[in-house]
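Worksheet: the structure to be examined is printed underneath.
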Amino acid sequence: MEANGGPRAMVFAAPGRYVQGRGAIVGLGGELENLGAKKPLVLSDAVVKEAVGEEALDVSGAIRVDFNGECSPGEIERVAKAAAGGGADTIVGVGGGKTMDTAKAVAHPAELPLVIVPTIASTDAPTSSLSVVYDDDGAFKEYRFFGKNPNVVIVDTAVIARAPVRFLVGGIGDGLSTYFEADTSSTTRKPTMAGGAPLSAALTLARLFYYTLLEHGVAARLAVEKQAVTPAVEKVVEANTLLSGLGFESGGLAAAHSIHNGLTALPGTHHFWHGEKVAFGVIAMIMLEERPAEVLEEVVDFCLTVGLPVALSDIGLEDAGRSDLETVAAAACVEGETIHNEPFDVHPEMVVDAMLAADAFGRDRRAIVEGSARLPVVAH
Ligand SMILES: [Zn+2]
């Protein structure tokens, strides 16, 4: 995490343009024209082509490349070769977090303009200047920092609403961390992902995001289950994508994302998505930090209502023993992890205990509200 602007400077990073709305994807050609693109490389996968529609991606001069499914060093190199070989002058990433992160990792080192078209609202990847790179087997490998953000982000809410609702709920889980991590980072003032000290604009956006989720999260989930686009859906999609993206990048990360990264060391969690593991990471972070009891209850009850994990068994770890959690905690605490942005020294045994306590509290809370819980954890 290099601090480009020095540790004392504050940095706010954002995409050049953010476009969101029902049918927004029809604007892709015009945005490319504004960028002067003659030969855009369009990276997408088969599912995405179906969701978005062939003609939307059929922009003039396009070199079409199918994404292989993992944002790994090998895949980044393969797409970069296709871009160089085809003489691409712009990169367009259409799809989920890993497709977008691959597009960033190809565009930025080659100094090409970048357009991101997320087809799901499951992570805050679209607006940011970094990629999360995984091994071919799906374990977290590294962050790559590029020091610049996408030129344009186009979010078509009709496309988002047609995707399985689990994506939207996952994005809510990822976003839930944004406020807590930005809040913690604002007290320790360690460098953020944007490479400077956190600033209050980012914390304010993160706070707005948290209250948007509490207010509209359930309504948005219910609407998207019917593939409906409503003002609540627009608000939650904007929150998941823009507010969370700006909030985490310029506001700072802390324990929740490190615990997520640690969780990916256990193969049992690989069927669960980033935001689902992050949601559990938030509960464990609150345990680690000892925030007020009402905050803990508010977060866990919200997770139960909207259908996010609150226990280890919800993220594939029903049989995890203490030694498994020690593996997670060791990975979460390696040097350079954002868990060290917490305002106290964090040791792995504290993280193991926080996860055990989070799991116990989550299961207890579920038992209490079981009779009135309206929505089960989203099936996968
Ligand atoms: Zn995240």
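Note that ligands are numbered from 1 as they come in the structure, with each ligand's atoms numbered from 1 the same way.
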Next item on the list: Determine which of the N, O or S atoms in Asp174 is closest to the Zn ion (ligand 1) and give its atom name.
Entry: OD1
Next item on the list: Taking the Zn ion (ligand 1) as the reference point, name the nearest N/O/S atom of His274.
Entry: NE2
Checklist line | ring-ring contact (aromatic ring centres under 6.0 Å, His included) involving His216 - partner list, sequence neighbours excluded | finding: none
Check: Near the Zn ion (ligand 1), is there an N/O/S atom from His257 that is less than 2.8 Å away?
Finding: yes
Notebook entry, point to check: How close do Thr241 and Ala121 get, heavy atom to heavy atom, and via which atoms?
Noted result: OG1-CB, 4.3 Å
Next item on the list: Please find out if less than 6.0 Å separates the ring center of Phe180 from that of Tyr210.
Entry: yes
Next item on the list: Report the hydrophobic cluster partners of Phe167, with the cluster defined as I, L, V, M, F, W, Y residues connected by side-chain heavy atoms closer than 4.5 angstrom, directly or transitively.
Entry: Ile120, Trp273
